[in-house]
Number of protein chains: 2
Amino acid sequence: MKLQVTQENLSKALSTVARVANTRGTLPILANVLLKTTNNRLSIAATNLDIAITEYCGAKVSEEGSITIPARLMQDFISSLPPSVISLELDDNKLLINTDQYQSVINGVPAEDFPVMPAIENGKRVTVPGAELKRALQQVVFAASSDEARPVLTAVYMHSLDGTLHMAATDSYRLASKTMGKIKEPVDLLVPVSAMQDVLRIVHDFDDPVSVTYNEQQVLFKAGEVELVARLIEGKYPDYPKLVPKKFANVAKVKRADLVNITKVSSLFARESAGSIKVTTDENKGTLNIRSIASQVGENTASAEGNIQGSGEITINSRYLLDALSAFHSEEINFTFNGKLEPVVLSNPNEKDYIHLIMPLKS
Amino acid sequence: MKLQVTQENLSKALSTVARVANTRGTLPILANVLLKTTNNRLSIAATNLDIAITEYCGAKVSEEGSITIPARLMQDFISSLPPSVISLELDDNKLLINTDQYQSVINGVPAEDFPVMPAIENGKRVTVPGAELKRALQQVVFAASSDEARPVLTAVYMHSLDGTLHMAATDSYRLASKTMGKIKEPVDLLVPVSAMQDVLRIVHDFDDPVSVTYNEQQVLFKAGEVELVARLIEGKYPDYPKLVPKKFANVAKVKRADLVNITKVSSLFARESAGSIKVTTDENKGTLNIRSIASQVGENTASAEGNIQGSGEITINSRYLLDALSAFHSEEINFTFNGKLEPVVLSNPNEKDYIHLIMPLKS
C-alpha cells in the first residue's frame with residue numbers, strides 16, 4: 001500500500017469512524033481502524049460487531065493494499081498535524097506516515113484479521129432528506145432505553161403507517177413519537193439507539209438525501225461518502241400509538257422558555273427525590289406551578305403564567321420534562337394531562353408531527 | 001435578618017466564594033456559606049479552614065442577622081434565577097428566598113457554629129497591580145507540587161530580593177521563576193498553591209491594586225470587595241536561584257508555536273513512556289528534533305527549524321514542556337541546555353522577567 005491523502009480528508013474520515021472502535025473489548029483488533037485502497041480512494045472503517053462505519057476519501061494511490069492500525073492513536077495523530085499532504089506507505093505490517101515535518105511509524109495488524117459486516121442481500125430501499133432525518137433523530141433518540149433487559153426498548157422504531165414514515169422511542173417512562181414524510185416501501189425496523197446516535201453524528205451537516213437499505217437482519221444508512229451498517233434488534237415494538245390519550249381534563253398553554261426555566265430551578269430542590277416535581281395547574285390564577293421538596297434542605301415553588309383550562313396536579317420527573325421541552329422548536333407548549341394517573345402529553349399545534357409522553361410518578 | 005439584593009450581585013459573590021466550601025469534609029458546616037449583614041452590605045463567606053474567602057455586596061438591609069446555608073444549592077439556585085431583586089428573610093433557621101416567580105425555603109445552620117479565620121494582627125502590607133499578579137500566578141502556579149510529603153513544595157514562594165518582588169514554584173521536576181515589581185516591605189511567604197489558584201480566579205478580571213497583608217502565620221489578599229485569607233506554610237524554601245545554569249552548550253531559538261505543535265504530536269507517541277521525549281539539536285541542519293517511541297505502537301520524529309548553536313540531546317517530559325511553553329507570551333523561545341544531565345532552561349530575551357527550568361529524565 002502506498003498513497004497520498006490530504007490531512008483534512010483523512011482527519012475528517014477518522015473522526016467519523018474512529019468513535020466506533022473500542023479499546024475495552026475482548027477482541028483487540030476492534031480498537032483498530034481498517035485502511036484499504038479501492039479504485040483510487042482510501043476507505044477507513046471501524047466496527048464493534050453491532051455497527052460498522054466506513055468513510056471513503058479521495059487519495060492518490062500508487063500501490064494497492066490494506067492494514068489495520070490503532071484508531072485512537074491514528075485519529076489523535078492525524079488531527080494534530082497541520083493541513084498538508086500525508087504520504088502513507090506499508091512496510092510489512094508497519095505503516096510509515098510522512099509529512100514535511102513528521103516521520104512516523106505505526107505498527108499495524110493485517111487486514112485479513114479484521115471482521116467485516118456481511119453485505120445486505122435482497123434489500124429494500126427508501127430515501128429520507130438528511131435534514132429531516134437529523135431533526136427526527138434529535139427528537140426521539142434520547143427517549144430510548146439503555147437497559148438491555150428489554151432489548152426492543154433500546155431501539156429506535158422506524159416504521160411505515162399508511163405510506164408515511166414514523167419514528168418512535170420509549171424507555172417505558174416516556175415516549176417520543178415523530179411523523180415523517182411519505183415513503184414507497186414498507187418499513188419496520190428496530191435500529192439500535194447507539195447506531196442511531198452515530199447516524200445523527202453523520203447527518204449532522206448533511207442535507208442531501210440519505211438512503212436507507214434494509215433486510216430482515218441489517219440496515220445500511222448511506223450519506224454521501226459515509227456508510228453505516230447496523231444489526232437490527234429482533235422483537236415486536238409496543239403498540240405505542242394507543243398509549244396516547246386523545247382528550248385532556250387539564251390543558252396549560254405556556255411559553256416553552258418559561259417552563260424550561262422554572263423546571264430547571266425546581267430540579268435543584270428535587271435532587272434528593274430523584275427529580276420528582278409536582279406540577280399543578282390553577283385555572284383561576286392562570287398559572288402552571290411547580291413545587292419541589294427536599295426534606296433536609298428546603299423547598300421551592302415556581303410559577304409560569306399561561307392559558308390554563310382545568311385545575312389539577314400531577315407528579316413527574318423533572319429531567320424527563322427538560323429533555324422533552326428541548327426537543328420542541330416552538331415558542332409555546334401545551335402541557336396536558338388527565339388527573340394524576342395518566343401520562344402527561346406535551347405538544348404544540350404548530351408542530352403536529354411530534355408529541356412527547358411522560359408517565360406520572362406516584363405522589 | 002431581612003434584606004433585598006440583586007440576583008446579579010448575589011450570584012457573582014456566591015460564584016466567588018462557594019468553590020471553597022467542601023461537601024466531602026468531616027465538618028458538615030464547611031459545606032455551607034455564611035451570609036451576614038454588615039453596614040447595609042451583605043457578606044458571603046466560605047472556608048475550608050486553610051483558606052477563607054469573603055465577598056461583600058450592596059444590599060437594602062431592613063433587619064440585621066446572619067445564617068449559614070448549603071453553598072452548592074444556594075449557588076446553583078441563585079445563578080439559575082433571572083435578573084431580578086431577591087428578598088432574603090430569616091425565619092428561625094429557615095431562609096426564605098422570594099422573587100416574583102419563585103418562593104423558596106432553604107434550611108440553614110446558625111452562624112455561631114461557623115468557624116471564622118482569625119484577623120491578621122501586626123501585619124505588614126504591600127500592594128501589587130491586579131494584572132501583574134494575575135500574569136505572575138498564571139506563569140508559576142502550575143509548577144507547584146501537589147505532593148503533601150514535602151509541604152514547602154506545595155507553596156508558591158512569594159519573596160523580596162533587593163527591593164523587588166519574586167514569585168517561584170517548583171515540584172522538584174521543574175521550576176517557574178518570575179520577577180515582579182518594586183516593593184517597600186520585605187516579603188517571605190509560602191502561600192499554599194490552592195490559595196493562589198483562588199487568588200488567580202479572584203484577580204482574573206481585576207486590574208486595580210491588590211493589597212497583600214501578612215504576618216508570620218497568615219496572608220490576606222484584598223481585591224475590591226473580595227478578601228481571601230490563607231494560612232501560610234511553614235518551612236524553608238529551596239535556594240532556587242542557584243539551580244539556574246548561567247551558560248549553555250546548546251541553544252535553540254525556535255518559534256514557540258512550532259515547538260508547541262511538534263511537542264503535542266510527539267506526546268501522542270510518548271503515552272507508554274509516561275511522556276518521555278528525546279529532544280536533539282542539530283546545528284548543521286538548523287533543526288530542533290523530537291523523537292518519541294512507543295515500543296508496542298510505533299514511533300515518531302518531528303522537527304522545527306530554528307537558529308541552533310551546538311548539537312546535543314536531552315530527554316524530558318513532554319507535558320512539562322507543553323506547560324512551560326504555554327506560560328510564555330513571546331513568539332520565539334530559547335530552548336537551552338548543557339548535555340543530558342543538567343536542566344533545560346526555557347527563556348526569551350524579550351521576557352526577561354520569567355524563566356522556566358525542566359529537569360532531564362534518564363535516557
Side-chain angles (χ1 to χ4, degrees), chain A residues 7 28 31-32 69-70 72-82 91 93-109 257-272 287-305, chain B residues 7 28 31-32 69-70 72-82 91 93-109 257-272 287-305:
Chain A
Q7 183 270 343
N32 284 13
I69 51 172
R72 185 178 159 212
L73 175 63
M74 187 67 174
Q75 186 192 359
D76 290 349
F77 176 48
I78 300 298
S79 69
S80 302
L81 296 180
D91 175 14
N93 289 326
K94 288 175 191 298
L95 184 66
L96 314 182
I97 308 170
N98 289 304
T99 73
D100 286 352
Q101 272 189 299
Y102 298 90
Q103 292 81 46
S104 301
V105 179
I106 298 185
N107 300 327
V109 174
D258 286 352
L259 189 50
V260 168
N261 288 340
I262 66 172
T263 307
K264 272 188 187 159
V265 171
S266 301
S267 71
L268 299 174
F269 288 78
R271 283 175 184 157
E272 267 190 20
T287 55
L288 178 154
N289 311 301
I290 300 182
R291 186 171 164 81
S292 48
I293 299 177
S295 57
Q296 298 294 313
V297 183
E299 58 183 77
N300 182 68
T301 306
S303 20
E305 293 183 356
Chain B
Q7 183 270 342
N32 284 14
I69 50 172
R72 187 180 158 211
L73 175 63
M74 187 67 174
Q75 186 191 359
D76 290 349
F77 176 48
I78 300 298
S79 69
S80 302
L81 297 179
D91 176 12
N93 289 326
K94 289 176 192 298
L95 184 66
L96 314 182
I97 307 171
N98 288 305
T99 74
D100 286 352
Q101 269 190 300
Y102 298 90
Q103 292 82 45
S104 303
V105 180
I106 298 184
N107 300 328
V109 174
D258 286 351
L259 189 51
V260 167
N261 288 340
I262 66 171
T263 306
K264 270 188 188 158
V265 172
S266 301
S267 70
L268 299 174
F269 287 79
R271 283 173 183 159
E272 267 191 19
T287 55
L288 179 153
N289 312 300
I290 299 183
R291 187 170 163 81
S292 49
I293 298 178
S295 56
Q296 298 294 314
V297 183
E299 58 181 79
N300 183 67
T301 306
S303 17
E305 294 182 357

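Sequence lines set the chain letters: A, B, ... in the order given, protein chains first and strands last, and positions in each chain run from 1.
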Item to check | Between A304(B), S80(B), A302(B), P82(B), the one whose heavy-atom pairs under 4.5 Å with chain A are most numerous | outcome: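 So the answer, after comparing A304(B), S80(B), A302(B), P82(B), is A302(B).
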
Next on the checklist: Working to the nearest 0.5 angstrom, can you tell me the gap between F77(B) CZ and S267(A) OG?
Outcome noted: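 Spacing of CZ (F77(B)) from OG (S267(A)) equals 11.5 Å.
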
Checklist entry - Can you name the residues of residues 94-104 of chain B that have some heavy atom under 4.5 Å away from a heavy atom in chain A? => result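 If one takes a 4.5 Å heavy-atom cut-off, the residues of residues 94-104 of chain B near chain A are Q101(B), Y102(B), Q103(B), S104(B).
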
Next on the checklist: Looking at every non-hydrogen atom in both residues, tell me the closest pair between L73(A) and L268(B) and how far apart they are.
Outcome noted: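 Shortest heavy-atom contact: CD1-O, 3.6 Å.
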
Checklist entry - What pair of heavy atoms forms the shortest contact from G298(B) to N107(A), and how long is it? => result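 So the two residues come closest at N-ND2, 3.7 Å.
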
Checklist entry - So which part of Q296(A) gets closer than 4.5 Å to some heavy atom of chain B, the side chain, the backbone, both or neither? => result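 For Q296(A), backbone heavy atoms alone lie under 4.5 Å from chain B.
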
Checklist entry - Counting only heavy atoms not in E305(A), do more than 12 fall under 6.0 Å of its CD? => result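 It does not: E305(A) CD has 12 such atoms or fewer within range.
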
Checklist entry - Most heavy-atom pairs under 4.5 angstrom with chain B, which of I262(A), T287(A), N261(A)? => result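 The answer is I262(A).
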
Next on the checklist: Among residues at least two apart in sequence or on other chains, which ones pass side-chain contact (heavy atoms from CB on, under 4.5 Å) with A31(B)?
Outcome noted: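 With sequence neighbours excluded, A31(B) shows a side-chain contact (heavy atoms from CB on, under 4.5 Å) to T23(B), given in chain and number order.
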
Checklist entry - Mind checking what makes salt bridge (Lys or Arg N to Asp or Glu O under 4.0 Å) contact with D76(A), not counting sequence neighbours? => result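 So D76(A) forms a salt bridge (Lys or Arg N to Asp or Glu O under 4.0 Å) with R72(A), R271(B).
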
Checklist entry - Can you list every pair that meets salt bridge (charged side-chain N to carboxylate O under 4.0 Å, His left out) and has a residue in residues 293-303 of chain A, with sequence neighbours left out? => result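 Pairs touching residues 293-303 of chain A that pass the test: R291(A)-E299(A).
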
